[in-house]
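Every chain is numbered from 1, with letters handed out A, B, ... down the list of sequences.
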2 protein chains.
Amino acid sequence: MGNLTDAAKVRRSPRSKETIREENELIILAAAEKVFAKHGLKGSTTKQIADTAKLPKSNIHYYFYTKLNLYRCVLESILVDWMKAADTFNTFDEPREAIRYYVGAKMDLSRTRPFGSKVWANEIISGAPEMEEILSSKLKKWVDSCVQSINRWVELEKIVNVGDAHTLLYMIWATTQHYADFDYQVMILNNGKKLTDSEFEEKKQQVIDLVLRSVGLNP
Amino acid sequence: MGNLTDAAKVRRSPRSKETIREENELIILAAAEKVFAKHGLKGSTTKQIADTAKLPKSNIHYYFYTKLNLYRCVLESILVDWMKAADTFNTFDEPREAIRYYVGAKMDLSRTRPFGSKVWANEIISGAPEMEEILSSKLKKWVDSCVQSINRWVELEKIVNVGDAHTLLYMIWATTQHYADFDYQVMILNNGKKLTDSEFEEKKQQVIDLVLRSVGLNP
DNA sequence: AAAATATTTGACCATTTGGTCAAGTTTTAT
DNA sequence: ATAAAACTTGACCAAATGGTCAAATATTTT
């Protein structure tokens, strides 16, 4: 057993300086995202998160103080990725390109970070008690500028008149996030097998085409 | 205080025979649907449900034994409404009518029974631990026949080729259920006001038109 | 009317929960 | 080298939880 201690020493030494905090925070955030995705804020326990992170429970509290604070940190960390995809929407002049890029990016996020999407879904479903501010400030502003873009495209007759631009946005959000939030259902209806990468790329293209046609654009 | 007892007697007497159980079960189911929608299975407490139902906690256990059993009963009761709307999809020959009717019915359900939709959403998000059987039997069968209908429409060139028919179905589900599951977000982005009945009818028509165009049909 | 059945309810309990704390260990700064 | 700061962790706690039970009340059956 003596050499085991030596091995541990060797393994631990390269882990240098202030990275300890960073590393552990990332481990805990990832574990928390997974657990919160499955059970929501109230349904998740700090012990579950600790076990998932393979750390003692006290450690979770040492880094994040309370469960609620950890939950907020998870939500915020998801928002960063969320906003990156969103920001591009208004940078394209042509609706075809804007929709293609944005829908594609949202589909990719659903694929790469399904737990994050689920945590957000849970939060909104339960009345967004922690995210009310962000929704009515940050998100509201982004949506307003999106709506303007869409309305301009309608005026320029680049897309058909969809009535309320929000309706189109909601369709895009709902459809793309469905592949993350309801991935289990998607799997069951795919004969119990998870979508392969190439299958997912197919669906992504199909979703893009559906959305394009829905506003009168020929894919 | 004597007449208060008399009043109670008078009020209670018309409540006849075996309706006691029926009445209470309905009250508890409604309360449970509301609470489960907000907090999920694990996050909800029997006390919350009891308070919402304005009954003592023991009463909930008397009628439904355990929290898990009550949860299952709620899910089943929602499924009934769900399936009613679903059954009609394959009764129409023309895709335009089938889509119009089905999307309309799903939107109406989102409006009239948002809590039910949320409970299902929560259940699927958390991996459908209680509904796995139903998903892979009942739902799978219905979806398969739906997919056939859609594929036939494609062959007859009544709608454009959407690739995998599932993609279209998911878009319909996701978009319509968005108005229930994310109603809080919809409200915030509607300047903090709930959608009025006439606003909702507008959105419903817009969703129908988007879906119709997405498969190449002119609304 | 009285026996049998169904409903109501408060008191109670073992378990689980989020969170604290202090004693130990490791890493960094001097 | 050694003091200071940061990290680790098991033991612990008050509050909340799902569920039980028996006694009281109401309803139905005979």
Side-chain angles (χ1 to χ4, degrees), chain A residues 1 4-29 31-32 35-36 38-74 129-130, chain B residues 1 4-29 31-32 35-36 38-74 129-130:
Chain A
M1 283 290 179
L4 212 147
T5 318
D6 288 341
K9 268 183 196 167
V10 170
R11 215 187 312 122
R12 208 180 303 128
S13 55
R15 188 183 168 201
S16 64
K17 294 192 179 189
E18 304 167 344
T19 49
I20 296 175
R21 186 170 204 101
E22 263 173 68
E23 269 181 35
N24 281 337
E25 283 182 352
L26 286 178
I27 290 171
I28 295 169
L29 279 172
V35 175
F36 284 138
K38 193 151 196 165
H39 304 292
L41 169 58
K42 295 193 62 176
S44 301
T45 71
T46 52
K47 178 149 195 325
Q48 280 177 304
I49 295 170
D51 290 349
T52 305
K54 289 174 183 171
L55 288 172
K57 198 182 64 166
S58 313
N59 221 314
I60 272 74
H61 283 99
Y62 174 71
Y63 283 108
F64 288 94
Y65 314 110
T66 66
K67 184 170 82 158
L68 181 58
N69 181 55
L70 173 56
Y71 179 72
R72 287 192 181 127
C73 290
V74 169
E130 305 304 326
Chain B
M1 280 292 180
L4 213 147
T5 318
D6 287 340
K9 267 184 196 166
V10 170
R11 216 189 307 126
R12 206 181 303 126
S13 58
R15 189 183 170 198
S16 64
K17 295 191 176 189
E18 304 167 343
T19 49
I20 295 176
R21 187 170 202 99
E22 263 174 66
E23 269 181 36
N24 281 337
E25 284 182 353
L26 286 178
I27 290 171
I28 294 169
L29 279 172
V35 174
F36 284 137
K38 194 152 194 165
H39 303 293
L41 169 58
K42 295 193 61 175
S44 301
T45 71
T46 52
K47 178 150 195 322
Q48 279 177 304
I49 295 169
D51 289 349
T52 304
K54 288 175 184 171
L55 289 170
K57 197 181 65 166
S58 312
N59 221 313
I60 272 74
H61 284 99
Y62 174 69
Y63 283 109
F64 288 94
Y65 315 110
T66 66
K67 183 171 81 157
L68 180 59
N69 182 55
L70 173 55
Y71 178 72
R72 287 194 181 124
C73 291
V74 169
E130 304 304 325

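- Within residues 64-72 of chain B, no residue approaches DNA chain C, by heavy-atom distance under 4.0 Å.
- Listed pair Asn24(B) / dA6(C) fails the phosphate criterion, with no side-chain N or O lying under 4.0 Å from OP1 or OP2.
- Listed by chain and residue number, nothing satisfies the side chain to side chain donor-acceptor pair (under 3.5 Å) test with His61(B) (two or more places apart in sequence, or in another chain).
- Checking dT9(D), dT27(C), dT9(C) against every side-chain atom of Ile20(A), the shortest atom distance belongs to dT27(C).
- Residue Asn59(A) contributes atom CG, which lies 15 Å from atom P of dT20(C) at whole-angstrom precision.
- Within residues 47-55 of chain B, no residue is approached by DNA chain C to less than 4.0 Å at the level of any non-hydrogen atom.
- Listed pair Arg21(A) / dC7(D) meets the phosphate criterion, a side-chain N or O lying under 4.0 Å from OP1 or OP2.
- Within the nucleic acid shown, Thr45(A) comes within 4.0 Å of sugar-phosphate atoms alone, with no base atom in reach, counting heavy atoms only.
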Distances for protein N/O vs nucleotides 22-24 of chain C N/O pairs under 3.5 angstrom?
none

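- In this entry the distance linking NE2 of His61(B) with P of dT17(D) reads 12 Å, nearest Å.
- Taking Asp51(B) as the reference, Lys47(B) meet the side chain to side chain donor-acceptor pair (under 3.5 Å) condition, with sequence neighbours excluded.
- Taking the side chain as every heavy atom from C-beta outward, Lys54(B) and Ile27(B) never approach each other to under 4.5 Å.
- The CD-P distance, from Glu22(B) to dA6(C), rounds to 15 Å in whole Å.
- If you measure from atom NE2 of His39(A) to atom C1' of dT17(C), you get 15 Å, rounded to the nearest angstrom.
- Between the side chain of Thr46(A) and the base of dG19(C), no donor-acceptor pair of N or O atoms lies under 3.5 Å.
- Rounded to an integer number of Å, the gap from CD1 of Ile60(B) to P of dT7(C) is 14 Å.
- Between the NZ atom of Lys57(B) and the C1' atom of dC21(D) there is a distance of 13 Å, given to the nearest Å.
- The two residues Thr66(A) and Asn69(A) make their nearest non-hydrogen contact at OG1-N, 3.1 Å.
- One interatomic measurement links the two molecules: OH of Tyr63(A) to C1' of dT9(D), which rounds to 12 Å at whole-angstrom precision.
- Tyr62(A) has no side-chain polar atom (N or O) that falls below the 4.0 Å cut-off from OP1 or OP2 of dT8(D).
- The two residues His39(A) and Ser44(A) have their closest heavy-atom pair at CB-OG, 3.5 Å.
- The side chain to side chain donor-acceptor pair (under 3.5 Å) search around Tyr63(B) returns Asn24(B), not counting sequence neighbours.
- Between Ile28(A) and Asn59(A), the closest heavy-atom pair is CD1-O, 4.3 Å.
- If you take CZ on Phe36(A) and NZ on Lys67(A), they are separated by 6.5 Å, rounding to the nearest 0.5 Å.
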